[in-house]
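Worksheet: the structure to be examined is printed underneath.
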Amino acid sequence: MLSVKGIRGAITVEHNLEKEIYEATAELFCEMVDKNGIEPEDVCSLWITATPDLNAVFPAAAIRSISGWEYIPMLCASEMAVPHAISGCIRMLLLVETEKTSKEIKHIFLRDAMRLRPDLNENST
């Protein structure tokens with residue numbers, strides 16, 4: 001039976017540059033959909049946040065440039081400015097319709113963002 005599940009992901013960039021943000025956003029998104037077998041019609045919505053130090057471009061623009069994904073509903077927001085938090089970080093919450101259980105979902109954390117949720121991150125094992 002289909003139900004709505006959330007897929008988490010995060011990636012870091014070194015600099016507040018449009019090219020770096022675009023490339024990292026596309027890398028993370030593609031890894032999330034590939035590892036979970038997601039097609040555009042499966043997607044309910046995508047929430048994207050970036051730490052306050054990343055403001056050169058909206059990360060959603062990178063995903064809209066990928067053929068087939070330009071019509072999914074997306075929203076970008078600024079992450080809370082918590083002292084000593086990871087910087088240069090783009091986070092995603094992809095809401096999809098799937099038959100997978102929550103335990104079967106593959107959450108993706110890349111680069112320095114791997115330390116955010118090692119308990120969910122298949123890349124940290």
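Only a predicted model underlies this, so the values are computations on that prediction, with no experimental measurement involved.
- The side-chain contact (heavy atoms from CB on, under 4.5 Å) with Leu46 is formed by just one residue from the set Leu94, Leu95, Val96; it is Leu94.
- Judged by distance alone, with hydrogens and angles left aside, the side-chain atoms of Lys35 form no donor-acceptor pair with the main-chain N or O of Ile105 at under 3.5 Å.
- Of all the heavy atoms in Glu18 and Ala56, the pair that sits closest is N-CB, 3.8 Å.
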For this session: Dump the intermediate steps for side-chain contact (heavy atoms from CB on, under 4.5 Å) on Ser3 and Lys5, then the final yes or no.
Result: CA-CA 6 Å; Ser3 63; Lys5 301 288 187 209; 3.4 Å; yes
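- No path of Ile, Leu, Val, Met, Phe, Trp and Tyr side chains, each step under 4.5 Å between heavy atoms, connects Leu75 with Met80, placing them in separate hydrophobic clusters.
- Residues Ala24 and Ile90 come closest through the heavy atom pair CB-CD1, 4.4 Å.
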Exercise. Step by step, would you call Thr49 with Met92 a side-chain contact (heavy atoms from CB on, under 4.5 Å)?
Worked result: CA-CA 6 Å; Thr49 65; Met92 294 185 192; over 6 Å; no
For this session: Kindly determine whether Ile86 and Arg91 satisfy side-chain contact (heavy atoms from CB on, under 4.5 Å), including the steps that lead there.
Result: CA-CA 11 Å; Ile86 189 171; Arg91 293 173 173 89; 3.4 Å; yes
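- Rounded to the nearest 0.5 angstrom, Ile108 CD1 and Phe29 CZ are separated by 12.5 Å.
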Exercise. Run the salt bridge (charged side-chain N to carboxylate O under 4.0 Å, His left out) check on Glu31 and Lys106 step by step: do they pass?
Worked result: CA-CA 10 Å; Glu31 186 84 4; Lys106 293 178 177 32; over 6 Å; no
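- Sorted by first and then second residue, the side-chain hydrogen bond (donor to acceptor under 3.5 Å, both in side chains) pairs with a member in residues 52-77 read Asn16-Asn55, Thr51-Asp53; sequence neighbours excluded.
- Taken together through direct or relayed side-chain contacts under 4.5 Å among Ile, Leu, Val, Met, Phe, Trp and Tyr, Val57 and Trp47 form parts of separate hydrophobic clusters.
- Minimum interatomic distance between Cys44 and Pro73 (heavy atoms only, all atoms of both residues): O-CG, 3.2 Å.
- Connection of Tyr22 to Leu110 is established within a shared hydrophobic cluster, with ILVMFWY side chains joined at heavy-atom distances below 4.5 Å, either directly or through further cluster members.
- At least one donor-acceptor pair closer than 3.5 Å links the side chain of Glu20 to the backbone N or O of Glu14.
- With respect to Glu27 and Arg111, a salt bridge is recorded, a charged nitrogen being found less than 4.0 Å from a carboxylate O.
- Pairing each heavy atom of Pro40 with each of Ile72, the nearest pair is O-CG2, 4.0 Å.
- For Ile21 against Pro59, the heavy-atom pair with the smallest separation is CG2-CG, 4.2 Å.
- Counting only distance, with no hydrogens or angles, the side chain of Asn36 and the backbone of Met32 share a donor-acceptor pair below 3.5 Å.
- Of the possible donor and acceptor atoms, none in the side chain of His107 sits under 3.5 Å from a partner among the backbone N and O of Ile7.
- In this structure, the separation between CG on Asp34 and CD1 on Ile38 is 10.0 Å, given to the nearest 0.5 Å.
- The backbone N or O of Cys89 lies less than 3.5 Å from no partner atom in the side chain of Thr12, so there is not a single donor-acceptor pair.
- Inter-residue side-chain proximity for Ile11 and Thr25 is flagged as unmet; no heavy-atom pair is nearer than 4.5 Å.
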For this session: Show your working on side-chain contact (heavy atoms from CB on, under 4.5 Å) between Arg8 and Phe109 and close with a plain yes or no.
Result: CA-CA 8 Å; Arg8 285 276 292 119; Phe109 294 83; 4.0 Å; yes
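- Minimum heavy-atom separation, Ala26 to Ile66: CB-CD1, 4.2 Å.
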